[in-house]
Chemist: 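Please see the structure below; I have some questions.
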Amino acid sequence: MDSTEPNQQAVRAVLDAALAAGRTALTAPEGKAVTDAYGIPTPAEALAETVDDAVALADRIGFPVALKIVSPEILHKTEAGGVRIGLNSTAEVRGAFLSIITNVRAYDPRARILGVQVQQMVPAGTEVLIGTVTDPTFGKIVAFGLGGVLVEVLKDVTFRLAPATHDDALSMLDGIRAAEVLRGVRGGAAADREALAGLVVKVSRLAADFPEIAEVDLNPVFASENGAMAADVRILLTGEVPAARRTYTREEILTSMGRLMKPASVAVIGASGEAGKIGNSVMRNLIDGGFPGEIHPVNPKADDILGRKAYKSVMDVPGEPDVAVFAIPAKLVPAALEEVGRKGIPNAVLIPSGFAESGEHELQARIVSIGEEYGVRLLGPNIYGYYSTWQDLCATFCTPYDVKGGVALTSQSGGIGMAILGFARTTGTGVSAIVGLGNKSDLDEDDLLTWFGEDPNTECIAMHLEDLKDGRAFVDAARATVPRKPVVVLKAGRTAAGARAAGSHTGALAGDDAVYDDILRQAGVIRAPGLGEMLEYARALPVMPTPRGDNVVIITGAGGSGVLLSDAVVDNGLSLMEIPPDLDTAFRAFIPPFGSAGNPVDITGGEPPSTYEATIRLGLEDPRIHSLVLGYWHTIVTPPMVFAELTARVVAELRARGIHKPVVASLAGDVEVEEACRYLFERGVVAYPYTTEKPVAALGAKYQWARAAGLL
């Protein structure tokens, strides 16, 4: 075997023996055998069963040494009084051994004591934690952060999918708040980054290679300029194997989603001619919305519904519809779904509630089984339906929407779906689709991402979600989509406390939201902090050109706005450009002596439209400036619509010359600034009234996507 490759057979033997004995944790010597097999550096150590053994081993290993209890029942050794460190003589070792045994017997009289581990003291360094946990959404993930006794107090930890790449590992070292500590502070030496990154990669690979390893906890790891060594190893096991999820190839997803989003024929099961019923609302929306395809109402008690021939059964519908929309009670869905399957219809849109969300898990499992048996993809149940505007398709019982555009919006919740609809209508946001996901019994976000990533009518995807069924499938779909289109996610439940008890420091730190935050960022997804931000990002991102560099310049008519805009730039991870002398001189030529160049460029409030125009034009024309943030305040000298018109005109002129830069604007003033903002937004300038935060946050989201897509 290549010496650089891990010895998987050695690890397999250790794990099999522990699981056969019914244990869920490895002892320290077993942990040492596992880490040695993967080249994970740990100190020299041996097991002492008696005090004389401990003295002899300490003498052989060399002082100073540490002593640690070895017991399958004692996971947190320090809490049990089972650890002594910095022992420098045989007398100290003898006393520590006896003290540890006494402490542990008092802590847990039933604990089996296998002995005391005598361990070489690790060279001093910065204490960090490296570990893995098995997350219910994302599977095996690796963690890195500050370690030692304060690990769960500071909670300065970052996460990535396991196995992690070398680049992933390096990004983790830079991703904690205390990253500067690793680079050396107050004259201290920097930690060996390559050694730490290599250790992260090895630990993540160990966990990924063995599903039965539930958690790995190396804490503390001492990182110094000479390398990194784990002083303590804890490995937890599980005998549970997660159930395999039915998966589909990319081609299968695109085929079924193509027929769902671009159907030629739709059957409505439970169609009704009676106003006030869901089946009637769906029919009216399909007809009144101008859907050009065939609409087939299915109702055993009617011959005609809204001027369309009704069929007793979906089996009687001519041809092979692309979609069956269900508007019948939950208990009737399985039988009707069987017929849809036999008919060969590839998609079922399940509007009814009364499934898993109300405790009817068996009923939901039954329809999933039917769908898999016949190859029918299920959207829902418990949804408001969906809109595919470019097909004039409104398959929902909610209000219609027909403004075509490039934004695809999805939600798990019907209420959120209607908030999306109202926002789109109020702001005039054009959408390519609005899709309800509900219980996500089958179709979910990764299916939709796969489709919208290829859909030529979609420029930006925004998703509200409460959970992910398969986090890794979502990450794969996002990674395939992000290089071409921004993906914005609103993850609900971000303030929930840790969702489950954990047996290690790593597990305790891996609260659901912390993991979602880092893994979504790893996938290149823009995470919105709230519903308003998700909708605004979705509206704004397609409007802005992609920036070509990091230099942001603020041009403002108000000093106070300039300060707030500067704060917003920093808060959103953007960089205020250091203005070179020649550019400073060029700006000063247009502003009064009591104005201020530099960055922000403060032209002062009493300036005429020509000053705004000249400085904006200069900012767009200079190739060293990559983005502009404009701060306007309402004066009679330069009224809001005058500012809006001149800004839109200058931006359009420069874009006609091939100069495309993001321009965002904050407008302060009387109510006229609202109309000015609408005017600017419609012409490619992201503008908001009464706020300095929103426009810069939108610009920050654009930069976040550009970096993730590799465009900067």
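Along the sequence shown, residues carry numbers from 1. Computed from a prediction, not measured in an experiment: that's the story for all the values here.
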Chemist: Which residues satisfy the side-chain contact (heavy atoms from CB on, under 4.5 Å) test with Arg521, sequence neighbours excluded?
Modeler: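 Only Asp517, Asp518 meet the side-chain contact (heavy atoms from CB on, under 4.5 Å) criterion with Arg521.
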Chemist: Looking at Arg246 and Asp442, is any side-chain nitrogen of the basic one under 4.0 Å from a carboxylate oxygen of the acidic one?
Modeler: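 Salt bridge: no.
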Chemist: Tell me every residue that passes side chain to side chain donor-acceptor pair (under 3.5 Å) with Asp447, counting only those two or more places apart in sequence or in another chain.
Modeler: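 Once residues adjacent in sequence are excluded, the partners of Asp447 under the side chain to side chain donor-acceptor pair (under 3.5 Å) criterion are Arg377.
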Chemist: Could you check, using the six-membered ring where one of them is a Trp, whether Phe138 and Phe159 have ring centers closer than 6.0 angstrom?
Modeler: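 Centroid separation for Phe138 and Phe159: 6.0 Å or greater.
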Chemist: So how far is it from Arg160 CZ to Thr158 OG1, rounded to the nearest 0.5 Å?
Modeler: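 Interatomic distance, Arg160 CZ to Thr158 OG1, rounded to 0.5 Å: 4.0 Å.
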Chemist: Show me the side-chain donor-acceptor pairs of residues 34-45 shorter than 3.5 Å, one per line, residues at least two apart or across chains.
Modeler:
unit_1	atom_1	unit_2	atom_2	d
Thr35	OG1	Gly31	O	3.0
Thr35	OG1	Lys32	O	3.0
Asp36	OD1	Lys32	NZ	3.4
Tyr38	OH	Asp209	OD2	2.7
Thr42	OG1	Lys32	NZ	2.8
Glu45	OE1	Gln117	NE2	2.7
Glu45	OE1	Gln119	NE2	2.9
Glu45	OE2	Gln117	NE2	2.4

Chemist: Using modelled atom types only, decide if a donor and an acceptor are shared between the side chain of His464 and the backbone of Gln412 within a distance under 3.5 Å.
Modeler: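 Checked: pair present.
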Chemist: Between Phe144 and Val157, is a side-chain contact (heavy atoms from CB on, under 4.5 Å) present by the stated rule, with each step listed?
Modeler: CA-CA 5 Å; Phe144 173 83; Val157 181; 5.9 Å; no
Chemist: Given side-chain contact (heavy atoms from CB on, under 4.5 Å), test Leu218 with Val221 step by step and report yes or no.
Modeler: CA-CA 6 Å; Leu218 307 185; Val221 173; 3.6 Å; yes
Chemist: Mind listing the side-chain donor-acceptor pairs of residues 704-712 below 3.5 Å, one per line with the distance, residues two or more places apart or on another chain?
Modeler:
unit_1	atom_1	unit_2	atom_2	d
Gln704	NE2	Val525	O	3.3
Trp705	NE1	Val482	O	2.7
Trp705	NE1	Lys485	O	3.4

Chemist: Does the side-chain contact (heavy atoms from CB on, under 4.5 Å) test come out yes or no for Phe452 and Thr410, once each step is laid out?
Modeler: CA-CA 11 Å; Phe452 290 133; Thr410 77; 4.1 Å; yes
Chemist: Report the distance from atom CG of Asp476 to atom CG of Leu449, rounding to the nearest 0.5 Å.
Modeler: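 Atom-to-atom, Asp476:CG and Leu449:CG are 11.0 Å apart.
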Chemist: Is the number of heavy atoms from other residues, nucleotides or ligands within 6.0 Å of CD (Glu466) greater than 12?
Modeler: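 Yes, because the 6.0 Å sphere around CD of Glu466 holds more than 12 heavy atoms from other groups.
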Chemist: Can Arg234 and Glu215 be counted as an ion pair, charged N to O under 4.0 angstrom?
Modeler: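 Salt bridge: no.
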Chemist: Under 3.5 Å, side chain of Lys140 to main-chain N/O of Ala207, donor-acceptor pair present?
Modeler: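 It does hold such a pair.
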Chemist: Output the distance between atom CG (Leu182) and atom CG (Leu146), rounded to the nearest 0.5 Å.
Modeler: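 The distance works out to 7.0 Å.
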Chemist: For His361, does its backbone N or O pair with a side-chain atom of Gln364 as donor and acceptor, under 3.5 Å?
Modeler: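 No; zero donor-acceptor contacts below 3.5 Å.
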Chemist: Report the residues that fulfil side-chain contact (heavy atoms from CB on, under 4.5 Å) with Asp16, sequence neighbours left out, ordered by chain and then residue number.
Modeler: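 If we apply the side-chain contact (heavy atoms from CB on, under 4.5 Å) test to Asp16, skipping adjacent residues, the hits are Arg12.
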Chemist: Starting from the C-alpha separation in whole Å, work towards a yes-or-no answer on salt bridge (Lys or Arg N to Asp or Glu O under 4.0 Å) for Glu445 and Lys440.
Modeler: CA-CA 9 Å; Glu445 287 86 0; Lys440 297 194 292 193; 2.9 Å; yes
Chemist: Answer yes or no: are there more than 12 heavy-atom neighbours, outside Ile176 itself, under 6.0 Å from its atom CD1?
Modeler: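 Check passes, neighbour count above 12.
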Chemist: Begin from the C-alpha positions of Val488 and Met463 and carry the test side-chain contact (heavy atoms from CB on, under 4.5 Å) through to its verdict.
Modeler: CA-CA 6 Å; Val488 182; Met463 297 180 151; over 6 Å; no
Chemist: Tell me the salt bridge (Lys or Arg N to Asp or Glu O under 4.0 Å) pairs involving residues 101-110, sequence neighbours left out?
Modeler: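 For residues 101-110, and leaving out neighbouring residues, there are no salt bridge (Lys or Arg N to Asp or Glu O under 4.0 Å) pairs at all.
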Chemist: Hey, which of Thr24, Leu75, Leu26 is the one that makes side-chain contact (heavy atoms from CB on, under 4.5 Å) with Leu236?
Modeler: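 Only one option passes, and that is Leu75.
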Chemist: Does this structure show an ion pair linking Asp174 with Arg193, if we count only N-O contacts that are shorter than 4.0 Å?
Modeler: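 Between Arg193 and Asp174 there is a salt bridge, with a charged N closer than 4.0 Å to a carboxylate O.
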Chemist: Answer yes when Lys491 and Asp467 have at least one side-chain N-carboxylate O distance shorter than 4.0 Å, and no when they do not.
Modeler: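 So Lys491 does not pair with Asp467 through a salt bridge.
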Chemist: Distance check, rounded to the nearest 0.5 Å: Ser204 atom OG versus Met172 atom CE?
Modeler: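 Atom-to-atom, Ser204:OG and Met172:CE are 8.5 Å apart.
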